Structure formats: C-alpha cells, structure tokens
J.: 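Next up is a structure, given as structure tokens.
Each chain gets a letter, A, B and so on, in the order the sequences are listed, and its residues count up from 1. All values derive from a computational prediction rather than experimental measurement.
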Number of protein chains: 2
Amino acid sequence: MNIGEVADRSGIPPKTIRYYEDIGLIRPQRSDNGYRAFRETDLHKLAFLGRARALGFSIEDCRVLLSLYEDETRESAQVKAIAEEHLSAIDHKIAQLREMRETLSHLVDACHGDHRPDCPILGELSGALASQG
Amino acid sequence: MNIGEVADRSGIPPKTIRYYEDIGLIRPQRSDNGYRAFRETDLHKLAFLGRARALGFSIEDCRVLLSLYEDETRESAQVKAIAEEHLSAIDHKIAQLREMRETLSHLVDACHGDHRPDCPILGELSGALASQG
DNA sequence: CCTTGAGCTTCCAGTGACTGGAAGCCCTAT
DNA sequence: ATAGGGCTTCCAGTCACTGGAAGCTCAAGG
C-alpha cells in the first residue's frame with residue numbers, strides 16, 4: 001500500500017503518517033521507487049494510534065501503549081496505570097474548564113450586550129470586585 | 001518599576017511579560033540603563049491579561065479585549081460576542097473531554113490491572129469490538 | 001575600589017502534534 | 001509528449017510560553 005491508501009483506510013492524513021514515521025512510531029518499508037510501502041500491520045498500528053489519540057493519549061503514551069500491545073509479556077496493570085493517569089489528567093482539565101465556564105457564563109449573562117460601553121466582563125477582567133452593564 | 005516587581009505584583013513571570021511586550025500587548029518605557037520601566041497602567045494591563053488568560057481567552061482575544069477596554073466608544077455587545085464565542089469553545093472542549101472520559105473510564109473499570117497480559121484497553125485500541133481482561 | 005551576586009538585557013532553541021507549502025521525482029493515462 | 005496526481009524531502013509556522021547562554025547593571029559588603 002502507498003501512503004494515500006493507508007491514509008484513507010486509517011483516517012490519518014499522509015502528513016501525520018510521515019510524522020509518525022519521523023518520530024519512530026511506525027517503520028514502513030520502502031519500494032524501489034522510494035515510496036513508503038505499508039503492510040497490514042502498519043495499517044493496524046496506525047488505526048491503533050488513531051484510536052489512542054482520539055482518547056487523548058499523548059504521543060509518548062501512544063508509544064508506550066503500542067510497545068505494550070506488542071509485548072506478550074506485558075502485565076495489564078501497566079496499561080491500566082497509563083490509562084488511569086490519563087483519566088485523572090482529563091478530570092483535571094474538565095474541572096479547570098468547568099471553572100472557566102462557570103465564571104464566564106455568569107459574566108456573559110450579566111452583560112447587556114448592547115451599544116453602550118459598560119460591561120461587567122471588562123469590569124471583572126480589569127479587577128473590579130463587582131460591575132454592572 | 002522594574003520587571004521583577006511587576007512580575008511579583010501581577011503574578012506573571014518576567015519571561016512572559018517580555019513575551020507580551022514582544023508581541024505588542026504592552027509597551028513599557030525604558031530607563032536610561034536599558035531596563036524596562038513599568039508604570040501602574042502597565043501593571044494594570046498585565047493583571048488584566050492574567051485574568052483574561054486564566055479564563056482561557058487566547059492571546060488574540062486578549063489583544064482585542066484590551067483594546068476594547070481602552071476604547072471608550074466600545075459597545076458591550078462586542079465584548080459579549082467574544083466571550084460567548086469563547087464560552088462555546090469551552091463547552092465544545094468539555095464535551096470532547098467528557099466523551100473521552102466516558103470511554104476511558106469504562107475501559108479502566110473493565111481492566112483487571114494484574115500481572116496477566118489480557119487487557120480490554122489494548123483490545124479496544126487495537127480495534128476489537130469487545131474484549132476481556 | 002573591588003568583588004560578589006542578583007537582576008536585568010537580548011537572542012536562540014525547544015515544547016506538542018501536527019500542518020502548510022515549495023521544489024522536485026514518479027507513474028499512469030491520453 | 002504531456003498533463004495530472006501522488007509521492008518524496010525539507011523548511012517554516014502554529015500557540016503561548018519556557019529554558020538557557022552570554023553579557024551588562026546595580027547594590028551591598030569588605
């Protein structure tokens with residue numbers, strides 16, 4: 001398979017596939033013409049990567065997950081540990097975003113959004129304890 | 001004020017303050033010795049930026065918000081529009097993260113996390129429809 | 001007066017995970 | 001022979017910093 005077909009079948013763009021080879025996540029062979037020659041296993045790995053990335057795992061996590069996947073002597077505890085750590089990072093991000101959301105939605109609700117300059121959003125950002133508009 | 005004092009009082013590190021000057025968010029004067037000389041208004045702007053960044057606004061949003069803040073002919077609708085757009089971006093991110101969280105937590109729960117290699121997390125990533133471990 | 005150390009300066013490079021674009025080779029069809 | 005699309009490499013840009021190196025300035029202590 002050439003890169004275009006693998007891209008279509010894995011859903012990962014050619015640019016990204018080349019990047020993944022660059023950083024050593026995959027090692028496709030080469031045809032005589034210099035084109036990358038992908039086998040089914042490469043495609044499988046790319047699909048794996050696509051799913052792992054879709055779950056928000058970092059590239060480095062993906063690298064480890066992929067090596068565990070290929071390691072028959074792995075212990076599921078190793079995989080679970082990575083996933084749990086990632087899960088708590090996600091929880092942390094969600095909490096941060098919710099806090100932003102909370103403050104911001106109050107400010108948006110309080111803002112008249114009209115032609116006048118008075119604005120509680122700018123009031124808050126400028127450090128006022130309370131503001132109207 | 002020198003940069004160190006402004007950093008302490010605004011909570012923004014010197015490196016970041018220099019960066020903000022670099023990209024034109026602030027324009028501190030200079031002392032004869034070449035040091036940046038910050039006035040209260042610069043400090044105020046930096047605090048404004050700190051709060052806006054804490055709410056997750058992008059630097060470009062901050063640039064616009066700051067210019068609106070200084071524009072007495074602004075309309076609060078302009079500010080509100082930016083905030084609403086940002087709010088919906090936050091909602092979008094939260095939704096994405098929640099979806100990841102959902103899938104991931106199920107997988108983590110299903111994984112025994114022991115010394116055996118079988119793992120539903122890797123199963124899912126490798127494309128299996130169901131898996132045990 | 002000299003030294004020491006902290007604080008300031010600039011500039012360059014790296015982060016994460018791609019993404020865009022340029023220049024140029026390869027392959028197939030007409 | 002040519003036109004196009006796909007492939008190659010390499011370089012640069014994204015976002016918002018952050019780290020580090022080399023070097024100047026300043027205040028305090030001896």
J.: Does a side-chain N or O of Thr16(A) approach OP1 or OP2 of dT19(C) to a distance below 4.0 Å, or not?
T.: yes
J.: According to ring pair (Phe, Tyr, Trp, His ring centres under 6.0 Å), does anything in residues 88-107 of chain B pair up with another residue at least two apart or in another chain? List the pairs.
T.: none
J.: Is Asp118(A) paired with Arg116(A) through a side-chain N to carboxylate O contact shorter than 4.0 Å?
T.: no
J.: How long is the line joining CG of Asp8(A) and P of dG5(D), in whole Å?
T.: 16 Å
J.: Taking the side chain from Glu85(A) and the backbone from Ile82(A), do they hold a donor-acceptor pair closer than 3.5 Å?
T.: no
J.: Looking at Ser76(B) and Asp114(A), would you say the former's side chain and the latter's main chain have a donor-acceptor pair under 3.5 Å?
T.: yes
J.: Just how far, in rounded Å, is C1' of dA16(D) from CG of Leu55(B)?
T.: 17 Å
J.: For DNA chain C, find the residues of residues 79-89 of chain A with a heavy-atom distance under 4.0 Å and give them by number; none if there aren't any.
T.: none
J.: Test Arg36(A) against every option in Met1(A), Arg18(A), Arg27(A) by the side chain to side chain contact (heavy atoms under 4.5 Å, CB included) rule and name the one that passes.
T.: Arg18(A)
J.: Quick one: what's the B/S/- string for nucleotides 1-16 of chain C, heavy-atom cutoff under 4.0 Å, read 5' to 3'?
T.: ------BSBBB-----
J.: Within the structure shown, what part of the strands sits under 4.0 Å from Tyr20(B) by heavy-atom distance: base, sugar-phosphate, or nothing?
T.: sugar-phosphate
J.: Could you tell me how far apart Ile26(A) (CD1) and dC18(C) (P) are, to the nearest whole angstrom?
T.: 12 Å
J.: Between Asn2(B) and Gly4(B) (side chain of the first, backbone of the second, donor and acceptor by atom type, cut-off under 3.5 Å), is there such a pair?
T.: no
J.: Please check this pair: side chain of Arg101(B) against backbone of Asp91(A), looking for a donor-acceptor N/O pair closer than 3.5 Å.
T.: no
J.: In this structure, how many angstroms lie between the C1' atom of dC15(D) and the CG atom of Asp22(B), rounded?
T.: 14 Å
J.: Between Lys45(B) and Asp42(B), does any NZ, NE, NH1 or NH2 come within less than 4.0 Å of an OD or OE carboxylate oxygen?
T.: no
